[in-house]
Amino acid sequence: MNNISLRALTKEDWRIYKTLRLQSLSDSPDSFGATLASEQALNDDEWSARLDYSVRGMHGVLFIALLNNNPIGLACSVTHSRTSQDGHIYQMWISPKARGLGIGHQLLTHIINWAKGEKLKHLFLAVTTINVAALKLYQALGFRADGDLVELRAGSKLQTQPMILDLYETQDKS
Ligand SMILES: CC(C)(COP(=O)(O)OP(=O)(O)OC[C@H]1O[C@@H](n2cnc3c(N)ncnc32)[C@H](O)[C@@H]1OP(=O)(O)O)[C@@H](O)C(=O)NCCC(=O)NCCS
């Protein structure tokens with residue numbers, strides 16, 4: 001039986017993060033604005049700092065998914081300032097060997113619940129328009145298109161669709 005678990009990483013876990021992130025960029029280069037080459041250039045301190053949101057004036061968390069105790073996926077949610085109530089989801093990836101098991105759905109649900117717990121009002125993300133699997137996942141969890149298409153990265157022919165999830169409707173507004 002498959003045992004699926006999720007956990008938040010701290011900066012001490014940077015090696016796990018680095019391994020997953022480089023795997024994701026190697027596997028799915030058209031899903032992310034960053035490139036494998038740009039991330040391979042990071043040094044150890046920079047990998048560790050990536051997980052230390054507060055030193056960068058942000059508020060956030062990076063969760064990994066584990067299948068039978070093996071790290072097989074990741075996603076993070078951050079606000080761009082400590083006081084912002086707008087969260088942004090980045091770096092979502094599940095290893096090909098673990099896809100179709102509901103882990104992406106579980107990971108995204110966990111992030112949404114984290115954001116609600118932090119009293120965020122919205123979650124934003126951007127998904128490449130040709131990425132049917134991710135689009136369906138985001139739509140299934142209530143995200144809707146929000147604004148014009150944006151190129152994936154400078155010079156890319158690929159376009160991303162910005163999406164938004166409103167969280168405040170389900171929260172106590174008092
Ligand atoms: C998108 C991704 C995270 C989905 O992860 P996953 O664990 O395979 O997804 P799940 O098994 O939880 O599926 C959840 C829902 O997503 C959608 N979905 C997932 N894979 C799909 C596919 N191949 N085709 C169509 N819909 C798909 C479905 O709505 C599915 O719900 P259902 O099974 O009830 O139909 C994964 O395919 C991935 O990592 N892709 C490469 C990286 C990427 O594109 N990241 C997103 C960047 S914005």
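Start at 1 and go down the list; that is how both ligands and their atoms are numbered. None of these values were measured; they are calculated from a predicted model.
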[X], any N or O under 3.5 Å of ligand 1 N or O:
X: Ala140; result: no
X: Gln106; result: no
X: Val132; result: no
X: Ile94; result: yes
X: Met92; result: yes
X: Tyr138; result: no
X: Ser31; result: yes
X: Ala134; result: no

Check your understanding: Would you call the rings of Phe124 and His88 parallel, tilted or perpendicular if under 30° counts as parallel and over 60° as perpendicular?
Key -> parallel

Review point. Going by the order shown, which atoms of ligand 1 are within less than 4.0 Å of some heavy atom of Ala126?
Key: 48 (S)

Review point. Hey, which atoms in ligand 1 end up nearer than 4.0 Å to a heavy atom of Lys136?
Key: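 Result: 17 (C), 25 (C), 26 (N), 29 (O).
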
Is the closest side-chain heavy-atom distance between [X] and [Y] below 4.5 Å?
X: Thr160; Y: Leu149; answer: no
X: Trp47; Y: Asp13; answer: no
X: Val127; Y: Met163; answer: yes

Exercise for review: May I ask whether atom 31 (O) of ligand 1 is less than 4.0 Å from at least one protein heavy atom?
Suggested key: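 Not a single protein heavy atom is under 4.0 Å away.
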
Check your understanding: Judged by atom type as modelled, is there a donor-acceptor pair below 3.5 Å linking the side chain of Thr109 to the main-chain atoms of His105?
Key ->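 Pair found, side chain donor or acceptor close to backbone of His105.
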
Check your understanding: Is there a donor-acceptor pair under 3.5 Å between the side chain of Ser28 and the backbone N or O of Ser31?
Key -> no

Review point. Crowded around Asn113 CG? As in, over 12 foreign heavy atoms under 6.0 Å?
Key: yes

**Study point:** 4.0 Å heavy-atom contact, Ala75 with ligand 1
**Key:** no

Point to revise | Under-4.0 Å heavy-atom contact with ligand 1, by part of Leu101 that carries it | key: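 Backbone only.
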
Exercise for review: Give a yes/no verdict on a cation-pi contact between Arg21 and Phe32, requiring under 6.0 Å between NZ or CZ and the six-membered ring centre and an angle within 45° of the axis.
Suggested key: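 Yes, Arg21 lies over the aromatic ring of Phe32.
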
